[in-house]
Amino acid sequence: MGTLPSISEWIPVRKNGLVQSKHIIRSTSVPRYNPAEIEPRWQRFWEKNKSFHTPDRVDGEKFYVLDMFPYPSGDGLHVGHPEGYTATDILARFKRMNGAAVLHPMGFDAFGLPAEEHAIKHNIPPRQSTEKNIANFLRQLKMLGFSYDWDRQISTTDVEYFRWTQWIFLQLYDTWFDESLQKGRPISELPIPADVEAQGVDATREYQDSHRLAFEADALVNWCPALGTVLANEEVVDGLSERGSHPVQRIPLRQWMLRITAYADRLEHDLEQVDWPEGIKKLQRDWIGRSTGAEVDFYAGDGVHFGNWFANRSQSGLPRKLESNVLRVYTTRPDTLYGATYMVIAPEHPLVTQLTTTAQSAAVEAYCQAASSKSDRERQEDKKQKTGVFTGSYAINPVNKQPIPIWIADYVLISYGTGAIMAVPAHDIRDFEFAKQFDLPIVAVVQPSPKAKDIDHSAVLAGKSCFAGKGTAINSGPYDGLATEAFKEKIIAELTQQGIGRAAVNYKLRDWLFSRQRFWGEPFPILHELDETGKPNGKKRAVPESMLPVDLPHLDDYKPHGRPEPPLAKAPKEWLYPVIDGVRYRRETNTMPQWAGSCWYYLRFIDPRNSQQMIDPELEKRWMPVDLYIGGAEHAVLHLLYARFWHKVLFDRGVVSTIEPFKRLVNQGMILGDMEFTGYRDSNEHWISSEFVMEDENHQFVQATDRSSVQAVKLEPDQVEKAGDRFHLKSDPSIRIDSRAHKMSKARGNVVNPDEIVADYGADALRLYEMFMGPLEASKPWSMTGVNGVRNFLDRVWRMIIDDRQDNIALNEAIVDREPDDDQIHILHKTIKAVTQDIENLSFNTAIARYMEFVNFFTKQVHRPKSIMQQFILLLAPMAPHIAEELWHTMGNPNSLALEKWPAYEEALTVEASVEIPIQIQGKIRAKVNVNRGLSEVELEKIALADERIAEFLVGKTVRKIIIVPDRMVNIVAN
RNA sequence: GGCGGUGUGGCGGAAUGGCAGACGCGCUUGAUUCAAAAUCAAGUAUCUUCGGAUGUGCUGGUUCGACUCCAGUCACCGCUACCA
């Protein structure tokens with residue numbers, strides 16, 4: 001190797017365990033472990049040989065393992081991404097080696113705001129920047145050696161992909177929900193009431209339109225002028241847009257909605273069938289927020305006519321269309337009807353004007369005006385102080401016939417229930433606060449159980465304290481003495497009979513606001529018919545399937561203009577005004593939200609290039625459901641709920657065969673930045689102990705005492721010291737120091753870039769480290785020295801097999817072709833068993849610990865049997881595939897190990913012949929003995945009592961009892 | 001306020017109710033080296049009168065035996081926020 005530079009000049013210096021040089025250069029012919037050389041080589045090999053091609057046939061077990069596909073941002077991959085991706089990759093490789101047919105695809109969720117913002121800022125079409133970002137993501141993903149079947153790669157922005165997103169939208173448009181069957185059915189099967197039919201074709205069409213799962217409605221929407229779009233409730237955080245934190249206003253606008261509420265019950269119920277973390281299921285249940293109770297009608301017209309109205313109702317029952325002088329409320333506590341001392345309607349309630357008396361009109365108008373201009377955030381800030389205004393009108397409580405005042409307040413939401421409530425201040429905390437505020441009467445009608453502690457019973461009965469629990473009815477006329485549940489049942493039955501109420505179910509879940517006023521999203525395949533003057537006449541139709549996809553037109557200008565008119569309205573005339581069968585239309589110019597594409601991508605992966613169908617039903621049956629789905633908990637509710645909703649509609653329409661798409665779900669935890677110590681100093685550079693520092697509203701650090709600002713200072717580990725469970729300054733122990741790991745963020749400057757880790761340590765080291773950090777589901781701090789640790793382990797694996805002191809690659813002289821001894825066989829089988837079970841349980845950190853134990857053992861062995869080394873390499877392959885392939889190859893195997901058979905173990909060989917047994921007295925270990933495995937209780941007892949030390953301890957004591965767990969321990973109870 | 005999660009060495013973390021701290025990082029000592037780095041070996045919870053004693057956020061309980069189960073409590077993290 002004479003011409004090569006000596007190694008020492010080229011190998012970077014590792015100081016304090018960390019790579020100091022950014023650029024590791026290693027000679028390629030020197031047989032050191034060199035991931036920079038072997039990793040790209042094996043990646044090319046896999047790609048060229050299509051090693052991870054999805055099998056066309058599934059004979060035995062199938063395994064569909066899926067990652068939540070990423071949004072390809074301009075920043076590239078974050079270290080959080082490879083965590084879940086490595087976990088699924090390990091499973092995919094493991095299952096392949098176990099003979100399963102594996103589907104393991106990857107793609108990109110590439111529609112969305114950032115690309116469009118970028119387009120506007122740099123005047124580059126979004127498609128162009130998206131493609132660039134995807135290329136970068138692809139490079140990064142491939143550099144990590146994931147075994148995806150790249151032939152199945154899709155992006156939601158591919159025209160051939162969103163063609164089918166549009167197709168699914170048309171299925172939603174063509175479907176109505178049959179309540180009695182709890183099933184979505186074709187709109188052509190919707191029964192049309194005779195009176196509607198009698199009104200003609202247009203009325204029938206309107207009736208149909210109002211029943212479709214995809215429908216247009218006037219909605220109070222979250223309009224964000226800065227982003228130039230309407231946002232879903234979920235995309236608004238604290239009254240600001242989730243993305244960019246711009247203010248959001250509520251304005252009424254005609255929008256496309258998806259009737260997800262129709263599926264609320266099924267979405268909730270079917271959670272029972274999936275293997276998901278209980279926490280996520282609960283989040284979904286809470287989000288759906290099913291509650292049961294009653295709707296009750298309150299007469300709010302002229303008091304003299306109440307008697308007539310009431311009598312009529314018991315004849316006619318609940319009317320199909322509510323009279324204009326009746327307020328309908330929803331309550332979960334119809335048993336508290338006697339305690340309803342006033343009513344509240346939302347500021348947006350349709351009866352506001354009608355119910356407002358002349359005397360109150362100025363105050364009411366001012367209040368409603370203020371409420372509408374208030375963002376949700378501002379409303380929240382007032383939360384402690386309830387606001388409201390009296391309408392001047394009264395309604396009549398139908399049970400006790402008392403007139404009660406009707407108020408308007410923004411603590412009642414127009415979007416939930418009926419937008420009106422009966423207020424029972426004695427038993428609802430919000431009503432109680434409001435009643436206190438405005439001095440409204442409080443009448444207790446539920447007596448808490450006398451057994452209930454922590455309740456001031458007399459205060460509750462006096463209306464001085466609020467009690468929201470269950471109890472016994474009082475002040476409730478004929479119902480006095482009834483328990484809450486029995487009361488509810490009884491009164492609902494009676495209200496129903498009287499025609500003034502009925503049982504009702506409500507959901508927190510709202511219909512899904514599905515349109516966005518942006519360019520970079522799927523166009524709606526909907527056409528609005530134009531009249532002779534070129535104006536929409538209100539009729540609309542679906543784009544015929546044969547004319548899909550509806551591609552995005554080219555625009556010269558993507559900028560939003562601050563009005564809720566979508567950018568597509570500026571599209572060229574040829575695109576905007578198609579003519580079909582001689583009829584001129586205007587295209588729908590809204591686009592779909594980013595969620596749309598991710599709602600069904602798991603289906604397209606099964607049949608990604610099908611130009612005839614969204615998915616071949618045979619393939620769908622073969623691969624669905626997704627067996628394991630791994631992703632971040634941030635998608636716990638929305639993505640998973642939306643995808644499940646679409647899936648159920650597709651199921652109803654016969655497109656898919658399973659009722660749930662994702663059988664098993666696992667959330668990987670968040671990866672935080674490296675542990676940091678933070679001290680604080682005031683403006684005079686004096687240290688301030690951290691318990692006196694707080695964060696103010698603007699996230700600035702201030703002194704708790706006088707709110708003067710303090711400076712956060714990052715400290716080195718050797719400047720701090722631990723005492724008890726706190727850290728303090730070494731130089732001044734009275735100064736407490738904050739120690740914790742923070743979420744990675746550009747602002748904090750603690751973001752770790754996978755490119756750098758791969759360059760410095762290799763992809764296998766990155767993969768292994770991310771799995772070794774801790775349990776997959778836990779959030780855990782990054783540590784550079786930890787990465788270095790697993791890299792050292794890989795170096796040790798390499799040296800266990802390769803002789804790195806030779807000039808050329810050669811096996812370590814300890815590698816021999818001979819029969820292993822008993823200890824070696826035992827270690828091997830123990831390792832196989834542990835690693836196999838750990839991988840199956842997704843407990844990768846402990847599996848890696850088992851690898852390390854194996855390597856620690858065998859590097860001390862003078863003879864390392866080849867057969868055993870080969871088995872170990874196979875065990876290592878799912879986690880660190882590149883080094884495993886290289887070692888496998890070096891040991892003389894011509895083929896990739898990707899489809900080699902996973903090592904098997906023999907149970908009998910996993911245990912040692914002898915076992916050390918602790919002998920306890922009163923639960924404290926007093927001695928240990930080495931005995932043969934499998935001794936009986938009698939034998940163990942004999943051995944324990946015969947032990948010298950034990951005998952010593954038992955002097956003067958009586959043995960009361962001896963507990964023996966064979967092969968584990970002996971506990972002697974004596975006194 | 002509500003819901004969920006987590007508390008174990010200097011750090012990340014292991015432990016079917018049965019030897020707490022596997023494995024790794026860091027640190028200490030030694031070998032090797034002209035010297036580093038790398039490597040290899042040994043050690044590394046606390047206190048100790050060297051017999052032991054004490055230790056899994058805290059207080060109780062169940063048990064022969066509790067990091068593990070139960071009740072209460074504190075702290076931190078995450079999500080959520082007037083849903084009648």
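The structure presented is a predicted model; accordingly, all values stated were derived computationally and were not measured. Below, read A as the first sequence line, B as the second, and so on, with proteins coming before strands; counting in each chain starts at 1.
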| Tell me: CG of A/Asn788 to C1' of B/C27, nearest whole Å? | 15 Å
| query | Using the P atom in both, what is the distance from B/C27 to B/A36, to the nearest Å? | reply | 16 Å
| Below 4.0 angstrom from OP1 or OP2 of B/C64, is there any side-chain N or O of A/Lys961? | yes
| query | Between A/Phe844 and A/Phe772, does a ring-ring contact (aromatic ring centres under 6.0 Å, His included) hold up when you go through it step by step? | reply | CA-CA 7 Å; A/Phe844 305 116; A/Phe772 189 57; over 10 Å; no
| task | Name the nucleic acid region contacted by A/Lys860, choosing base, sugar-phosphate or nothing; use a 4.0 angstrom heavy-atom cut-off, strictly under. | result | sugar-phosphate
| What nucleic acid atoms does A/Arg290 come within less than 4.0 Å of, heavy atoms only: base, sugar-phosphate, or nothing? | nothing
| request: Verify the contact: side-chain N or O of A/Arg799 to OP1 or OP2 of B/C40, cut-off strictly under 4.0 Å; return yes or no. | output: yes
| task | For side chain to side chain donor-acceptor pair (under 3.5 Å), just list the numbers for A/Arg510 and A/Ser415, CA-CA rounded to whole Å, side-chain angles, deciding distance to a tenth of an Å, and then say yes or no. | result | CA-CA 8 Å; A/Arg510 311 293 151 85; A/Ser415 51; 2.6 Å; yes
| task | Could you walk me through whether A/Asp674 and A/Ser783 pass side chain to side chain donor-acceptor pair (under 3.5 Å), step by step? | result | CA-CA 5 Å; A/Asp674 222 330; A/Ser783 154; 4.6 Å; no
| Can you check salt bridge (Lys or Arg N to Asp or Glu O under 4.0 Å) on A/Lys830 and A/Glu912, steps first, answer last? | CA-CA 9 Å; A/Lys830 206 170 93 169; A/Glu912 275 165 295; 5.2 Å; no
| task | May I ask you to verify if any side-chain N or O of A/Lys924 is less than 4.0 angstrom from the OP1 or OP2 atom of B/U54? | result | yes
| message | For the C1' atoms, the ones on B/G21 and on B/U54, what distance do you get once it is rounded to whole angstrom? | response | 15 Å
| request: Could you check A/Leu875, A/Asp838, A/Val855, A/Thr836 and say which one makes a side-chain contact (heavy atoms from CB on, under 4.5 Å) with A/Arg850? | output: A/Asp838
| message | Measuring only the P atom in each nucleotide, how far is B/U73 from B/G4? A whole number of Å is fine. | response | 15 Å
| Could you give the OH-to-C1' distance, from A/Tyr342 to B/A84, as a whole number of Å? | 11 Å
| message | Does A/Ser291 reach a base, just sugar-phosphate, or nothing at all? Heavy atoms under 4.0 Å. | response | sugar-phosphate
| Quantified in whole Å, what is the C1' atom distance between nucleotide B/A84 and nucleotide B/G7? | 38 Å
| said: Using OP1 and OP2 only, check whether a side-chain N or O of A/Arg796 sits under 4.0 Å from B/C40. | reply: yes
| said: Taking only the C1' atom of each, what is the distance from B/G65 to B/A15 in whole angstrom? | reply: 16 Å
| message | Just to be sure I understand: a Watson-Crick pair is purine N1 to pyrimidine N3 plus N6-O4 or O6-N4, both under 3.5 Å. Using that and G-U wobbles, which stems of three or more pairs involve RNA chain B? | response | B:1-7 with B:74-80, B:10-12 with B:23-25, B:26-31 with B:39-44, B:45-47 with B:52-54, B:57-61 with B:69-73
| field | Contact letters for nucleotides 16-23 of chain B, in which S counts primed atoms plus P, OP1 and OP2 and B counts the base, heavy atoms under 4.0 Å | value | B-BBS-BB
| Taking atom P of B/C77 as reference, at what distance in whole Å does atom CD of A/Glu777 sit? | 22 Å
| task | Considering only atom P, compute the distance from B/A53 to B/U48 and round it to an integer number of Å. | result | 16 Å
| said: Mind checking if A/Lys508 touches a base, just sugar-phosphate, or nothing, with heavy atoms under 4.0 Å? | reply: base
| message | Any base atoms under 4.0 Å from A/Gly289, or only sugar-phosphate, or nothing? Heavy atoms, all strands. | response | nothing
| Is the shortest side-chain N/O distance from A/Arg285 to OP1 or OP2 of B/U80 below 4.0 Å? | no
| task | Write down the distance between CD1 (A/Ile921) and C1' (B/A53), rounded to a whole number of angstrom. | result | 16 Å
| query | Pick one: which of A/Leu945, A/Val931, A/Val929, A/Ile962 meets side-chain contact (heavy atoms from CB on, under 4.5 Å) with A/Leu940? | reply | A/Val931
| message | What is the distance, to the nearest angstrom, from the OH atom on A/Tyr330 to the P atom on B/C82? | response | 17 Å
| request: Specify the separation, in whole Å, of atom CD1 of A/Ile280 and atom P of B/G5. | output: 11 Å
| message | Reading RNA chain B from 5' onward, which residue's closest nucleotide shows up sooner: A/Thr331 or A/Tyr769? | response | A/Tyr769
| field | Evaluation steps, side chain to side chain donor-acceptor pair (under 3.5 Å), between A/Arg796 and A/Asn856 | value | CA-CA 9 Å; A/Arg796 283 159 57 75; A/Asn856 288 346; 2.3 Å; yes
| message | Using heavy-atom distances to pick each residue's nearest nucleotide on RNA chain B, tell me which of A/Asn506 and A/Arg926 is more 5'. | response | A/Arg926
| request: Return the orientation label for the A/Phe872 and A/Phe854 ring planes: parallel under 30°, perpendicular over 60°, tilted otherwise. | output: parallel
| field | With A/Asn812 via side chain to side chain donor-acceptor pair (under 3.5 Å) - residues at least two apart | value | none
| request: Would you please test A/Tyr342 and A/Phe434 for ring-ring contact (aromatic ring centres under 6.0 Å, His included) and show each step? | output: CA-CA 10 Å; A/Tyr342 64 101; A/Phe434 190 82; 5.6 Å; yes
| task | Could you give the distance separating B/C25 and B/U44 at their C1' atoms, to the nearest angstrom? | result | 13 Å
| request: For nucleotides B/G5 and B/A71, find the distance between their P atoms and express it as a whole number of Å. | output: 14 Å
| A/Arg32 CZ to B/A38 P: how many Å, rounded? | 11 Å
| task | Verify side chain to side chain donor-acceptor pair (under 3.5 Å) between A/Tyr851 and A/Thr831, making sure each step is shown before the conclusion. | result | CA-CA 7 Å; A/Tyr851 293 150; A/Thr831 305; over 6 Å; no
